[in-house]
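Input: a single structure, listed below in structure tokens.
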Amino acid sequence: MIQILDAPDNVVAFRAIGEITKHDYKKIMAPAVEQLVKQINQINFLFLIDTEIKDFTTGAWMEDAMLGLKNLGKWNRAAIVTDSENAISFTNGFSYIVPGEFRGYKKESFDEAMNWVSNTAKDND
């Protein structure tokens with residue numbers, strides 16, 4: 001399941017718990033992302049992964065890819081918050097291949113991630 005998290009007006013933030021399906025992306029994530037693009041013409045995105053990567057269905061991964069591709073030129077900042085070192089490394093390398101900035105954070109750094117993604121962090125490098 002994906003839950004919408006409270007976030008600044010220029011950010012969409014989500015939490016993944018339990019099994020994540022195609023429906024979660026289509027009915028929860030995509031509409032929120034589309035609304036943010038309509039409001040500010042860019043995407044500042046935070047995703048707290050509070051489940052195992054194996055809990056994402058194949059359909060969820062396909063929708064994740066489609067969400068990213070559909071809005072390819074709109075990505076500004078994306079923070080993936082997880083305790084998976086592999087996911088953090090993958091996220092940190094993503095900025096080299098797609099537009100926008102992507103950073104991985106440990107769960108203990110959730111507030112730092114939210115500050116960075118909302119562009120309120122003091123270290124905006």
Side-chain angles (χ1 to χ4, degrees):
M1 170 172 66
I2 292 179
Q3 300 172 323
I4 296 175
L5 298 176
D6 289 334
D9 290 342
N10 69 330
V11 174
V12 287
F14 307 95
R15 178 179 178 225
I17 54 174
E19 184 181 58
I20 309 304
T21 67
K22 171 178 162 178
H23 178 268
D24 293 315
Y25 276 85
K26 285 188 148 195
K27 299 297 182 185
I28 298 167
M29 275 190 155
V33 168
E34 289 172 16
Q35 182 62 35
L36 184 66
V37 169
K38 285 180 186 173
Q39 287 177 323
I40 66 171
N41 201 35
Q42 68 180 5
I43 302 168
N44 296 308
F45 179 93
L46 183 137
F47 195 23
L48 169 61
I49 301 175
D50 233 353
T51 193
E52 299 296 319
I53 298 298
K54 66 179 176 54
D55 291 333
F56 285 72
T57 67
T58 302
W61 287 116
M62 295 297 293
E63 289 300 319
D64 182 69
M66 293 304 294
L67 182 66
L69 290 173
K70 180 181 177 188
N71 296 291
L72 193 60
K74 301 294 183 184
W75 290 95
N76 182 44
R77 288 188 168 185
I80 305 302
V81 182
T82 178
D83 283 337
S84 166
E85 290 293 341
N86 289 337
I88 289 171
S89 293
F90 179 80
T91 300
N92 289 340
F94 218 62
S95 289
Y96 296 106
I97 57 174
V98 295
E101 296 178 81
F102 294 78
R103 288 189 185 175
Y105 290 87
K106 290 282 201 175
K107 289 180 190 177
E108 66 196 28
S109 299
F110 178 86
D111 291 339
E112 179 185 342
M114 184 66 81
N115 287 337
W116 176 77
V117 82
S118 67
N119 293 307
T120 61
K122 290 179 182 170
D123 177 16
N124 282 335
D125 60 353

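Just so it is clear, the structure is predicted and the values come from calculations on it, not from any experiment. In what follows, every heavy atom counts, from backbone to side chain, and hydrogens, waters and symmetry copies are set aside.
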Heavy-atom neighbours of Lys27 NZ exceed 12 at 6.0 Å: no
[X] with [Y], same ILVMFWY side-chain cluster at under 4.5 Å:
X     : Y     : value
Ile28 : Ile17 : no
Met62 : Ile49 : no
Leu46 : Met1  : no
Val33 : Ile40 : yes
Ile53 : Phe14 : yes

Glu63 CD to Thr57 OG1 distance, which is reported to the nearest 0.5 Å: 9.0 Å
Quick one: does any side-chain atom of [X] pair with a main-chain N or O of [Y] as donor and acceptor, under 3.5 Å?
X     : Y     : answer
Asn44 : Asn10 : yes
Asp24 : Thr21 : yes
Ser84 : Ala87 : yes
Arg15 : Leu5  : no

Closest non-hydrogen atom pair, Asp83 against Lys107: OD1-N, 3.2 Å
Heavy-atom closest pair, residues Tyr25 and Asp64: OH-OD1, 3.3 Å
